[in-house]
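These notes are about the structure you will find just below.
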Amino acid sequence: MFLIFVLGTAGSGKSELTGVFTRYLEMQGEDAMAVNLDPGTLTLPYTANVDVRDYIRVDALMEEYGLGPNGGLMLASEMMLEIIEQLASDIDDFGPDVALIDTPGQLEMFAFRDVGAKIAGELSDEGKGILYLFDSAFCRDPLNYVMNMFLASAINSRFLLPQVSVLSKADLLQGELEEVEGWAEDPTLLEEAINSRLSGMNRLISQDMMDVISKLGIEFTPIPFSTRTNLGFNRLYSVITLAFMGGEPFTS
Ligand SMILES: Nc1nc2c(ncn2[C@@H]2O[C@H](COP(=O)(O)OP(=O)(O)O)[C@@H](O)[C@H]2O)c(=O)[nH]1
Ligand SMILES: [Mg+2]
């Protein structure tokens, strides 16, 4: 069984990608399932085969303990640590070859608290990988694009798992898609955009961040993807099977 954790900032399209791409994987003959690990979401755009909300719900915690949304989320993340074994056995019972795991709306809850790394460590001893979503809404501007690279690097060093980048909601970029794709394919084009479009502190920060990221040796080529136009589905499938499975399908 291979677990794919879908990570990205709030609203980057994690839940939609989880639902739609799980169905796509099934159409490719993969034995795939969708897992929801977001205890805070009220609605999901897919039917989760395993759902953390069967055990923990942020809205119920808020009501029971008189907490606001952030307090509820923090309590939920503590409680999730206590039910990891239960979630692991729920996933095992389902017995898929590949599970897409939708993570909390707020990236920081999963990426920067203990809960994410512990869940990733304890949910399975078998293969694991990460899909990091660069939200197109934050990618028009070279400063935000570099900030996204930085977040992706932070996740990479935190989880130490094979990682594939996705440029989510790419249909929103329309005429700007070609330029952003250029930044993804060729860092010198991104440097040019930083120099020509940014000034002052923003330019300095972006240049320095790019230096740090290139020293880390991490490469990002976010794959343009859209659940609205089906853009990028085939490419993402071949990239993840190559990066995670050495080119073999998940279901052999
Ligand atoms: N235009 C467009 N909108 C999308 C796409 N994927 C998701 N969305 C929308 O973006 C918003 C956030 O998506 P969601 O999957 O809930 O993000 P999450 O917070 O990362 O789970 C929702 O309104 C989705 O309908 C896409 O490919 N294209
Ligand atoms: Mg979500």
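All ligand and atom numbering here is 1-based and tracks the order in the structure.
Checking atom 23 (O) of ligand 1 against the protein gives no heavy-atom contact under 4.0 Å.
Counting the atoms of ligand 1 from 1 in the order shown, those under 4.0 Å from a heavy atom of T227 are 5 (C), 6 (N), 26 (C), 27 (O). Contact atoms of ligand 1 toward G11: 12 (C), 17 (O), 18 (P), 19 (O), 20 (O) (distance under 4.0 Å to a heavy atom of the residue). Near L172, with a cut-off below 4.0 Å to any heavy atom, the atoms of ligand 1 are 1 (N).
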Output a table of donor-acceptor pairs, distance under 3.5 Å, between side-chain atoms of residues 92-111 and any protein atom two or more places apart or on a different chain; print 'none' if there are none.
unit_1	atom_1	unit_2	atom_2	d
D97	OD2	T251	OG1	2.7
D102	OD1	S15	OG	3.4
D102	OD2	S15	OG	2.8
D102	OD2	Y46	OH	2.8
T103	OG1	V6	O	2.6

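Given atom 10 (O) of ligand 1, the protein heavy atom at minimum distance is K169 CD, 3.7 Å. The protein heavy-atom contact nearest to atom 18 (P) of ligand 1 is K14 N, 3.5 Å. With hydrogens left out, the protein atom closest to atom 1 (N) of ligand 1 is D171 OD2, 2.9 Å, a heavy atom. Counting protein heavy atoms only, atom 8 (N) of ligand 1 is closest to R228 NH2, 3.5 Å.
Ligand 1 has no nitrogen or oxygen under 3.5 angstrom from a nitrogen or oxygen of A170. Where the criterion is an N or O separation shorter than 3.5 Å, residue side chain and backbone included, E16 meets it with respect to ligand 1.
Look at S15 and the Mg ion (ligand 2): an N/O/S atom of the residue is under 2.8 Å from the metal.
Residue S15 holds the heavy atom nearest to atom 21 (O) of ligand 1 of all those in S15, P104, G13, G8.
Using modelled atom types, one finds a donor on one side chain and an acceptor on the other under 3.5 Å when comparing S226 with D171. Between the side chains of Q86 and D90, a donor-acceptor pair is found at a separation under 3.5 Å.
Using a 4.5 Å heavy-atom threshold, the side chains of R235 and P224 count as touching.
Listed by chain and number, the hydrophobic cluster partners of M201 come to none, as no ILVMFWY side chain reaches under 4.5 Å of it.
Taking CD1 of I91 as the reference point, atom OG of S124 lies at 8.5 Å (rounded to 0.5 Å).
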Could you walk me through whether R228 and E16 pass the salt bridge (charged side-chain N to carboxylate O under 4.0 Å, His left out) test, one step at a time? CA-CA 10 Å; R228 301 295 147 86; E16 265 199 33; 2.8 Å; yes
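Classified by interplanar angle (parallel below 30°, tilted 30° to 60°, perpendicular above 60°), the ring pair F233/Y24 is perpendicular.
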